[in-house]
Protein chains: 2
Amino acid sequence: MPTKSSGAAPGREHAGQVIASVERAAHVLMHFAETPSDTLGVTEIAEALGMSKAAVHRILASLRVRGLVELDPATRRYSLGAGAMRLGLACLDRIDVRRIAGPELVTLSRRTDETATLSIRTGRHRVYVDQVTPAREVIMSVSLGVAHPLHAGGSSKAFLAFLTGEEIEDYLSYGPLEPLTGNTIVDKATLRRELAAIREAGYAQSFSERMPGAASVAAPILDHHGRPLAVVSVSGPAERFREEARHCAEMLLESTTRLSAQMGWTAPG
Amino acid sequence: MPTKSSGAAPGREHAGQVIASVERAAHVLMHFAETPSDTLGVTEIAEALGMSKAAVHRILASLRVRGLVELDPATRRYSLGAGAMRLGLACLDRIDVRRIAGPELVTLSRRTDETATLSIRTGRHRVYVDQVTPAREVIMSVSLGVAHPLHAGGSSKAFLAFLTGEEIEDYLSYGPLEPLTGNTIVDKATLRRELAAIREAGYAQSFSERMPGAASVAAPILDHHGRPLAVVSVSGPAERFREEARHCAEMLLESTTRLSAQMGWTAPG
DNA sequence: GGACCTGTTCCACACACCGTAACGCCGTTT
DNA sequence: AAACGGCGTTACGGTGTGTGGAACAGGTCC
């Protein structure tokens, strides 16, 4: 059997009739987004995705025609191209919460002198879509566009806590909670209690749950149904954050309350 | 001959052996970025790109598996998905000029009370990669990620003017200057004089050259070789901009001078 | 110089993808 | 109501296209 039939993606169910080569091309493309390195070689990709070098080469040549990837003739290595950027920008341009939250992130970062971030949810994950870093020496900086699970870290827990009970149970039922660090909550009962506490407090906090040495406070921006549209966080190095947390949380809630109001949310009661 | 061989893309030369279906899939994907509407239907795409409905449907189904596009089951219409966003964010995260210029755009917008934008060049075009809009009623707002030619409008001319003489001639030799409005400069000799004036002044200005009713001033951010890394503009409605232009240009140059210095540029002389 | 990487090209065969055409499914129209 | 036109989706069989393995070419490193 030369071609590996079926296989498909890890995520979704059936999706009708698909073209194997297109699906593989999409896989190659997404690999660029998921890998930390800026450039990739043909062999590197072929090995990572279990494809033949020839196939990867042909795919890259095809994607190159539309500018989705670029080839550096000197190094013979490939990277994401202008087309990919335009694709992402076209998406971002349609997420209006980002435009609205932008100035607030700047304010928040200035007032706390820490990094302010904005995340949105994509199914069982979330991604950072914006960040504003303060002008000081030691800061936190996140990678935009990388998917993170919903159970580890401040922003993630803030999302999870404000979903419906059904959605939370659905998330939990999917499988075991993978630890990202030694501090990640992996026990489901513990996580349920934590989420209840977050709803009570109105914000989540995390010390090294997702990334060692990083700490954050995070709160959701709610729409007029009370559903979390996005999450704002303030994060910094764990050492100095321990004493700043309360102050940051205050500033954070002030910002997210204002943003939620702009998105049509009205406080209960 | 059922399949239309060759054809390829309008832009590039040969690119070795390519896979027709992947190239077409990329074409479909890019169509989402280029079209102003958020969602597209199968027939709509098929007609726009001259493909059969069946082919478009199969391509969309394949892209959907990797999350590059999403299907709204209610309307049966497709839009860009989370994967596309992650792709773009992965790119943007690697453009550090954007991170550095961000705060300056905020400052600039506040000081002028107009829209501040940031563009980067992609070959014979440029795209807006960021914008900050002021909090007032009537404002300019640009579309991020859409490609614009280099001869029409403030930001475009600012790029062109600061390229090398060889690059400028190469651009001009490519074909006639397509007018985007009645004010677009279409005569090459006139454009050359205009570019010289821009280099002299240090900034470009435009009234309705790219978009009717829109005006702007724009200046480049230069790296340590004096090459334009990016262009910053301040833009607004043409009517009120006529009297604001000089003041905006002052603020603009202050910002771009600071940014160029940060990128390693040192003023000549 | 040769061993060992890369990325790229060649080739003939199998089979995956192509377009045509028919299928449901909604809205609106007659 | 029933017929229409629009949509997105599926079926099908033939052909031409993409497949993987292996050979090629151009590097760098011992």
Side-chain angles (χ1 to χ4, degrees), chain A residues 1-8 12-29 31-32 35 37-66 69-79 81, chain B residues 1-8 12-28 31-32 35 37-65 69-79 81:
Chain A
M1 56 195 79
T3 62
K4 187 175 282 180
S5 65
S6 70
R12 296 298 155 203
E13 55 280 13
H14 73 295
Q17 184 110 261
V18 302
I19 303 172
S21 24
V22 171
E23 208 263 305
R24 288 200 283 177
H27 199 180
V28 169
L29 207 47
H31 187 60
F32 277 96
T35 200
S37 113
D38 286 21
T39 69
L40 292 171
V42 172
T43 312
E44 208 171 335
I45 299 170
E47 282 177 1
L49 306 184
M51 297 164 51
S52 74
K53 283 201 298 176
V56 171
H57 180 259
R58 280 190 297 256
I59 287 171
L60 289 172
S62 312
L63 294 175
R64 196 152 79 87
V65 173
R66 293 285 167 200
V69 302
E70 274 166 11
L71 169 62
D72 181 347
T75 64
R76 312 252 90 177
R77 286 177 71 80
Y78 293 83
S79 60
Chain B
M1 56 194 78
T3 62
K4 189 176 281 180
S5 66
S6 70
R12 297 298 155 202
E13 53 278 13
H14 73 296
Q17 184 110 269
V18 303
I19 303 171
S21 24
V22 171
E23 207 262 305
R24 289 202 283 176
H27 198 179
V28 169
H31 187 60
F32 277 96
T35 201
S37 113
D38 286 21
T39 69
L40 292 170
V42 171
T43 311
E44 209 171 334
I45 299 171
E47 283 178 2
L49 306 184
M51 296 162 53
S52 75
K53 284 201 297 176
V56 171
H57 180 260
R58 281 190 297 254
I59 287 171
L60 289 171
S62 311
L63 293 175
R64 198 152 78 88
V65 173
V69 301
E70 273 165 10
L71 169 62
D72 180 346
T75 64
R76 312 253 87 177
R77 287 176 70 80
Y78 294 84
S79 60

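Predicted model only: the values in this text are computed from it and were never measured.
Considering only heavy atoms from C-beta on, Leu49(A) comes within 4.5 Å of Ile45(A) through its side chain. Side chains of Leu71(A) and Leu60(A) form no contact here, defined as non-hydrogen atoms less than 4.5 Å apart. Taking the side chain as every heavy atom from C-beta outward, Val65(A) and Val18(B) approach each other to under 4.5 Å. Side chains of Ile59(B) and Leu63(B) form a contact here, defined as non-hydrogen atoms less than 4.5 Å apart.
Judged purely by atom type and a 3.5 angstrom limit, Arg66(A) has no side-chain atom pairing as donor or acceptor with the backbone of Ala26(B).
Side-chain N/O atoms of Ser52(B) include none lying less than 4.0 angstrom from OP1 or OP2 on dC18(C). The shortest distance between the side-chain N/O atoms of His57(B) and the OP1/OP2 oxygens of dG8(D) is not below 4.0 Å. The phosphate of dG7(C) (OP1 or OP2) has a side-chain N or O of Thr43(A) nearer than 4.0 angstrom. Contact annotation: Arg76(A) does not reach the phosphate of dG26(D) (side-chain N/O to OP1 or OP2, under 4.0 Å). Contact check, Arg64(A) against dG7(C): no side-chain N or O comes under 4.0 Å of OP1 or OP2.
In this structure, Tyr78(A) places its OH atom 7 Å from C1' of dG7(C), rounding to the nearest Å. Taking atom CD on Gln17(A) and atom C1' on dC17(C), their separation rounds to 9 Å, with Å as the unit. Rounded to a whole Å, the CD atom of Glu47(B) is 15 Å from the P atom of dG19(C). Ile59(A) places its CD1 atom 15 Å from the C1' atom of dG7(C), with the value rounded to the nearest Å. The NZ atom of Lys53(B) sits 8 Å away from the C1' atom of dT9(D) (whole-angstrom rounding). The CG atom of Asp72(B) sits 11 Å away from the P atom of dT9(D) (whole-angstrom rounding). Atom pair Met51(B):CE and dG8(D):C1' shows a separation of 15 Å (rounding to whole Å applied). Rounded to a whole Å, the CZ atom of Arg24(A) is 13 Å from the C1' atom of dT17(D).
Arg58(B) comes within contact range of at least one nucleobase, with a heavy-atom separation under 4.0 Å. Here Ala20(A) lies in heavy-atom contact (under 4.0 Å) with sugar-phosphate atoms only.
Two residues, Ser21(A) and Thr75(A), neighbour DNA chain C, and the one matched to the more 5' nucleotide by heavy-atom proximity is Thr75(A). Remark on DNA chain C: of its neighbouring residues Val22(A) and Leu71(A), the 5'-side contact belongs to Leu71(A), judged by nearest-heavy-atom nucleotide.
The nucleotide whose nearest atom lies closest to any side-chain atom of Ala54(A) is, among dC18(C), dG8(D), dG20(D), dG20(D).
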